[in-house]
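Beneath this line is the structure, given in structure tokens, with notes to follow.
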Amino acid sequence: MHQSRIGAGSGTALSTVKHDNANYALDCLREMLASGKFGEDGRLPTERTLSETLGTGRRAVRRALEVLESEGLIWRKQGAGTFIGERPDSLTDHVSDLVAGTDFMEIMEVRLRIEPQLAQLAAMRAKPKEIERMRHLASKILDSDDADSRELWDGALHRQIAQSAGNQLFLSIFDVLNRVRQDEAWQAIRERARNVGNTVNISLAQHHGIIDAIAERDPARAGEAMRQHLLMLQERLIRATSFEHEEANPFSEAS
């Protein structure tokens with residue numbers, strides 16, 4: 001324990017106090033972070049525990065933690081504690097909650113109002129290499145032999161169109177909608193929708209129609225082609241979920 005003179009020069013006796021040097025606390029905490037002494041869960045002890053462990057005042061610990069947080073080495077959440085690493089993107093957390101709290105029909109309602117506009121903008125702004133990539137992605141969908149792969153390449157194609165629109169805010173909104181593809185339930189219902197009327201070939205033709213309109217710099221046709229494509233998907237999703245409901249309730253009367 002560090003010894004400090006209280007009232008030096010006044011004849012006051014020596015008193016034992018905690019080391020209140022923030023730089024000392026900072027050095028100690030850096031060493032502990034580097035050595036991985038804070039456990040697998042990445043949570044740091046409380047300020048009080050750190051103060052006792054380091055033999056420092058809580059003010060010194062608090063100041064040291066502020067420095068570490070500013071460097072992105074830790075992050076703190078009120079009421080939850082202090083954690084190793086950079087603060088998670090709060091928007092990402094919010095988006096995850098938002099997607100989890102919605103349903104497929106809500107997603108399709110928003111897609112129908114956004115993606116035709118993106119296709120129109122892409123028809124005005126897409127570069128030749130981007131259009132070439134759209135065609136490549138469309139072919140990858142056809143070559144896919146399982147639901148996960150089809151969702152992957154279909155999402156990549158629609159995102160390329162959104163990216164080619166050249167509007168970062170629109171792209172961010174699209175990415176929020178596209179997060180639903182990570183849900184296994186979405187993949188299952190989409191696969192059922194594809195099997196209703198065997199829409200794979202129809203969808204492929206629609207994709208080519210959208211890309212052709214973009215390549216020919218025809219915004220109106222590109223937007224309408226995208227709208228028709230999404231309307232078909234919406235209809236198939238409704239039918240697929242209706243079949244699912246009927247199978248779960250085999251004795252329900254048809255309305």
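Among residues at least two apart or in separate chains, salt bridge (charged side-chain N to carboxylate O under 4.0 Å, His left out) pairs with a member in residues 129-142 are Arg135-Asp212. Residues in residues 26-36 take part in these side chain to side chain donor-acceptor pair (under 3.5 Å) pairs, two or more places apart or across chains: Arg30-Glu71. Residue pairs that meet the ring-ring contact (aromatic ring centres under 6.0 Å, His included) test with at least one member in residues 209-230, sequence neighbours left out, are His158-His229, His207-His229. Among residues at least two apart or in separate chains, salt bridge (charged side-chain N to carboxylate O under 4.0 Å, His left out) pairs with a member in residues 215-224 are Glu216-Arg221, Asp218-Arg221, Glu224-Arg227.
Atoms CD1 and CG, on Ile74 and Leu33 in that order, are 7.0 Å from each other to the nearest 0.5 Å. With rounding to the nearest 0.5 Å, the separation of CD1 in Ile211 from CD in Gln206 is 12.0 Å. Considering CG of Leu50 and CG of Leu65, their distance stands at 6.5 Å, rounded to 0.5 Å. The structure places CE of Met226 at 12.0 Å from CG of Leu231, a figure rounded to the nearest 0.5 Å. Note that CD1 of Ile238 is 11.0 Å distant from CZ of Arg236, once rounded to the nearest 0.5 Å. We find the CZ-CZ distance between Phe174 and Arg111 to be 6.5 Å, quoted to the nearest 0.5 Å.
With sequence neighbours left out, the side-chain hydrogen bond (donor to acceptor under 3.5 Å, both in side chains) criterion links Thr49 to Thr46. Here Ser149 pairs with Ser144, Asp146, Trp153 under the side-chain contact (heavy atoms from CB on, under 4.5 Å) rule; sequence neighbours left out. Residues passing the side-chain hydrogen bond (donor to acceptor under 3.5 Å, both in side chains) test with Ser172, sequence neighbours excluded: none. Legend: residues meeting side-chain hydrogen bond (donor to acceptor under 3.5 Å, both in side chains) with Arg62, ordered by chain and number and at least two apart, are Glu47.
Using a 3.5 Å distance cut-off with no hydrogens or angles, the side chains of Ser164 and Gln160 do pair a donor with an acceptor.
Annotation: side chain of Ile114 is in contact with side chain of Phe170 (closest heavy-atom distance under 4.5 Å). Two residues are said to be in side-chain contact when any heavy atoms from C-beta on lie closer than 4.5 Å; Arg63 and Arg59 meet this criterion. Looking only at side-chain heavy atoms (C-beta outward), Glu115 and Ile161 stay at 4.5 Å or farther from each other. In this structure the side chain of Leu29 reaches within 4.5 angstrom of the side chain of Leu54, judged on heavy atoms. Taking the side chain as every heavy atom from C-beta outward, Leu137 and Asp154 never approach each other to under 4.5 Å. Taking the side chain as every heavy atom from C-beta outward, Leu73 and Ile84 never approach each other to under 4.5 Å.
Hydrophobic clustering (side-chain heavy atoms under 4.5 Å, transitive across Ile, Leu, Val, Met, Phe, Trp, Tyr) keeps Leu157 apart from Leu142. Each of Leu204 and Leu230 belongs to its own hydrophobic cluster when Ile, Leu, Val, Met, Phe, Trp and Tyr are linked at side-chain heavy-atom distances under 4.5 angstrom.
In this structure, Ala22 and Ala64 approach most closely via the heavy-atom pair O-CB, 4.0 Å. Of all heavy-atom pairs between Asn178 and Gly155, the closest is ND2-O, 4.1 Å. Contact between Ala60 and Ala25 at its shortest, heavy atoms only, is O-CB, 3.8 Å.
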Please tabulate, for the side chains in residues 117-128, all donor-acceptor contacts under 3.5 angstrom to protein atoms that are two or more places apart in sequence or on a different chain.
from, atom 1, to, atom 2, distance (Å)
Arg125, NH1, Ala165, O, 2.8

Please step through side chain to side chain contact (heavy atoms under 4.5 Å, CB included) for the pair Met108 and Glu235, ending with a clear verdict.
-> CA-CA 10 Å; Met108 290 308 303; Glu235 178 189 355; over 6 Å; no
After noting the C-alpha distance and the side-chain angles of Arg48 and Glu52, does the key distance pass the salt bridge (Lys or Arg N to Asp or Glu O under 4.0 Å) rule?
-> CA-CA 6 Å; Arg48 179 178 179 180; Glu52 293 172 353; 3.6 Å; yes
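The closest donor-acceptor contact from the side chain of Ser51 to the backbone of Thr56 lies under 3.5 Å.
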